[in-house]
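Order of the sequence lines fixes the chain letters, A, B, ..., with proteins taken first and strands second; residue numbering starts at 1 for each chain.
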2 protein chains.
Amino acid sequence: MARRAKPANNATIIDVANLAGVSYATVSRVVNNKENVAPATRVRVLAAMEELGYQANLNARRLVSGRSYAIGLLVHNLMGPYIGEIMAGIDDVLATSNYELMLFTTHQRREREARYIDLMSSGMTDGLILILPRGLETYIRSLRQRHFPYVLVDHRGFEPTDLYVIAANWQGAYDATQHLLQLGHRRIGMITGVIDMDNARERVAGYQAALEAHQVHFDAELFVEGDYTQLSGVNGALKLLSLADPPTAIFASNDVMAFGVLEAAHACKLRVPQDLSLVGFDDVPMASWTQPRLTTVRQPLVEMGRLAAELLLRTLEDPEHQKQGIVVPAELFVRQSTAPANGGRGATVDVVNGAAAWAEAGSNVV
Amino acid sequence: MARRAKPANNATIIDVANLAGVSYATVSRVVNNKENVAPATRVRVLAAMEELGYQANLNARRLVSGRSYAIGLLVHNLMGPYIGEIMAGIDDVLATSNYELMLFTTHQRREREARYIDLMSSGMTDGLILILPRGLETYIRSLRQRHFPYVLVDHRGFEPTDLYVIAANWQGAYDATQHLLQLGHRRIGMITGVIDMDNARERVAGYQAALEAHQVHFDAELFVEGDYTQLSGVNGALKLLSLADPPTAIFASNDVMAFGVLEAAHACKLRVPQDLSLVGFDDVPMASWTQPRLTTVRQPLVEMGRLAAELLLRTLEDPEHQKQGIVVPAELFVRQSTAPANGGRGATVDVVNGAAAWAEAGSNVV
DNA sequence: ACAATTCATGCAAACGTTTACATGCACATT
DNA sequence: AATGTGCATGTAAACGTTTGCATGAATTGT
């Protein structure tokens, strides 16, 4: 029964040693740039390596060193710009290290949780970055119990020793809401994120705090829960706009939902920003490609990825290095989707027809 | 000098064997579900595994089996929706296998090429999926020489035996162009992709073939090269619209550039589709979120990722399995960004002011 | 000139598995 | 009762490295 075919390239450290006329220990020293190798020997070994096209077998190396030289990224799914940006930041940092990146998603079956944790702790990765996977708490519990290094993104964890990178969601939401208040808006709708995520709750709190600071009554009617998808933005906006006393501005907890609001407003024949002001969150690249360009709170996603990777790498070097999270600023970018409240509204809102129009126009979107 | 700390979880196959009172070979048989193990022994071993929380060391396994149970994805960079979609498809397939996914990017330094090829062939992955990395040809040459399994996405490779998954770019571009022709457009601008990529060239060829079929003269003036970024879409559109005899329709070689065209048109006070028709390519999710919704050629990116992963996995099972590429259909989705040519144009094009307006509006986009 | 030190190199063990082969026992066949 | 067959289990080698320790040569100090 043939052993699974290996890459044809088979030169081992012993082949090199034979060719160079030294022991394989010496070859190993050359390969790893250890000192105490005579210059003449070194060049001889190097030449032999070159001739044979020698490449150290990674798995043997991993076995003996007990390290995998890989870090894992655990996410719920890969859709949307959010993950991609963070991933780019992580990749930036890893490119300058000698770690590689493994990708794990949790969106398939629930049972995978256990499998992943096993894989990781059995030597597949040396550390993990978790970006809001489903079942976060379960993962964290297992990882902590195994003393496996990890860093959270966009969540503060459950213990004071949890390492994390998160944006100043509260402040960002506060600034966004205050911006709308200063433009004269008093009825400001909010479409939240998935409410059991730290980031979503913090944004809600910032929104409420700003209202309070300006002595504006918080109206639960103006508050709908979304799930960070465009569709939930459409539906949330439709719901808000169909209120007896609809909002003159909407704060969406991420840009993708804001795009949904834009679409709903269009379907209802409301102009943004003249008839409805809109603020998003994230500042994904697309936020400045829409008409109008989206006023939004920038969350430095690439930078957050970078920081998370750096934090993890540093923890791998020195497990005691830093035992606290990082909060990065979130900055409001005022673009074109917000304008002063115009007292009486230009167009009356016809949500029923709007929703119908939207449904019809959307019907060819498979 | 302390060996790098390993995961606390240290139970080996030998510990399990001792606890169960059998040899480690027997434990191995149980772990791998081999037959010829007495039922009673099996339960005893299973119990011991459970008690010790045993998890087979992956790297030892890899060393002896010569396989890594990982496949690699090699891409130029991670930005944009295109890669994310394909990646999601790959992930779908891998989730049902026992392979994991490693991510490699080539956008950093050129020198990484050699390093990556070494890593892969030294046991980091069992096979590779390449999505248009920089230096594709170099990679392919090395990989073929090492008989390392790989699958290309969006490129047909250089040898008849190269495995690939690509969309019917020619047909898609033909259909898009024909759609515009049937709407009465005669001056149809094209913004191409990076022209040394197979997909870009095929789309150009489809465009030209459609023009020819309708006896419309191909005007080199109407033809600008882009690079798949939104900015290149803006610039390409600005250039086309400033022609003495500007196009009444534009076909952009991907959606992201089409978004740029939308922006340029807006800056020039041209209405889409009344004053300018627009077709994109890809059908990324965002294409149906814009105003107007983008008419575009759908490239089934997720499906392409899935097919590529399946093809690779099958090749790993049976190296001789299939030695030819897969072409998936590309289908035109007519939405709202195209309309009949209206003979004389409503608004005259003022590109100079438009470009200025665009530059100013864009100035807060860092 | 001899002892002490430094340095280059080799030897062998260890990392944790998988698996070919050997062993021995129980049962069936003659 | 003797022989053959099949099955459960154990033994040991192999996978390709890294690295502590031993060895001997070369260099330094007195």
Side-chain angles (χ1 to χ4, degrees), chain A residues 1-7 9-18 20-45 48-49 52-69 118-119 121-124 126, chain B residues 1-7 9-18 20-45 48-49 52-69 118-119 121-124 126:
Chain A
M1 193 230 59
R3 163 162 295 178
R4 198 41 121 259
K6 307 196 188 163
N9 178 358
N10 258 341
T12 78
I13 202 172
I14 297 185
D15 300 328
V16 176
N18 290 341
V22 295
S23 77
Y24 52 84
T26 301
V27 176
S28 175
R29 290 187 190 104
V30 172
V31 169
N32 296 305
N33 261 309
K34 293 277 166 81
E35 45 229 52
N36 293 349
V37 172
T41 315
R42 169 161 276 139
V43 305
R44 205 144 34 91
V45 171
M49 283 170 55
L52 295 173
Y54 169 74
Q55 182 59 34
N57 179 306
L58 188 65
N59 291 322
R61 210 171 232 188
R62 284 167 158 174
L63 175 58
V64 51
S65 73
R67 310 182 66 186
S68 63
Y69 298 97
D118 286 348
L119 273 173
S121 61
S122 62
M124 180 156 275
D126 293 337
Chain B
M1 193 229 63
R3 161 161 296 174
R4 201 38 124 258
K6 309 198 188 159
N9 180 358
N10 257 340
T12 79
I13 203 172
I14 297 185
D15 300 328
V16 176
N18 289 341
V22 294
S23 77
Y24 53 83
T26 302
V27 177
S28 176
R29 290 186 190 103
V30 172
V31 170
N32 296 308
N33 261 310
K34 294 277 167 79
E35 47 229 48
N36 292 348
V37 172
T41 316
R42 169 162 273 139
V43 305
R44 205 146 32 91
V45 171
M49 285 170 53
L52 294 173
Y54 170 74
Q55 181 59 33
N57 179 305
L58 187 65
N59 292 322
R61 213 172 230 186
R62 284 167 160 175
L63 175 58
V64 51
S65 73
R67 311 181 68 185
S68 64
Y69 298 97
D118 286 347
L119 272 172
S121 60
S122 63
M124 180 156 274
D126 293 337

Among residues 28-40 of chain A, which ones have heavy-atom contacts with DNA chain C below 4.0 Å? R29(A), N36(A), V37(A), A38(A)
When rounded to whole Å, the CD to C1' distance for the pair Q55(A) and dT17(D) reads 13 Å
Could you list the residues that satisfy side chain to side chain donor-acceptor pair (under 3.5 Å) with R29(B), not counting sequence neighbours? none
Respond yes when some side-chain nitrogen or oxygen of T41(A) is under 4.0 Å from OP1 or OP2 of dT9(C), and no when none is. yes
For S28(B), check side chain to side chain donor-acceptor pair (under 3.5 Å) against everything at least two apart and list the hits. N32(B)
Under the salt bridge (Lys or Arg N to Asp or Glu O under 4.0 Å) rule, collect the residues that match up with D118(B), sequence neighbours excluded. R146(B)
Whole-Å distance separating the CZ atom of R67(A) from the P atom of dT18(D): 14 Å
Whole angstrom value for the distance that separates C1' of dT17(C) from CZ of R61(A): 20 Å
Among dG10(C), dG10(D), dT18(C), find the nucleotide with the atom closest to the side chain of V64(B). dT18(C)
Taking five pairs at each end of the helix from dA1(C)-dT30(D) to dT30(C)-dA1(D), what angle separates the two helix axes (nearest 10°)? 40°
For DNA chain C, whose closest nucleotide is more 5', that of I14(B) or that of A25(A)? A25(A)
With a cut-off of 3.5 Å and sequence neighbours excluded, list every side-chain donor-acceptor pair involving residues 33-42 of chain A.
| residue | atom | partner | partner atom | Å |
| --- | --- | --- | --- | --- |
| R42(A) | NH2 | K34(A) | O | 2.8 |

Roughly how many Å is it from CG in D15(A) to P in dC15(D), rounded to a whole number? 11 Å
Specify the residue among R44(A) and Y24(A) whose closest nucleotide of DNA chain C lies further upstream toward the 5′ end. R44(A)
Less than 4.5 Å apart, side chain to side chain, heavy atoms only: is that true for N57(B) and T12(B)? no
Would you say that S68(A) contacts R62(A) through its side chain, given a criterion of any heavy-atom pair below 4.5 Å between the two side chains? yes
Whole angstroms only, please: what is the CG-P distance between L63(B) and dG16(D)? 7 Å
Specify the separation, in whole Å, of atom CZ of R62(B) and atom C1' of dT17(D). 15 Å
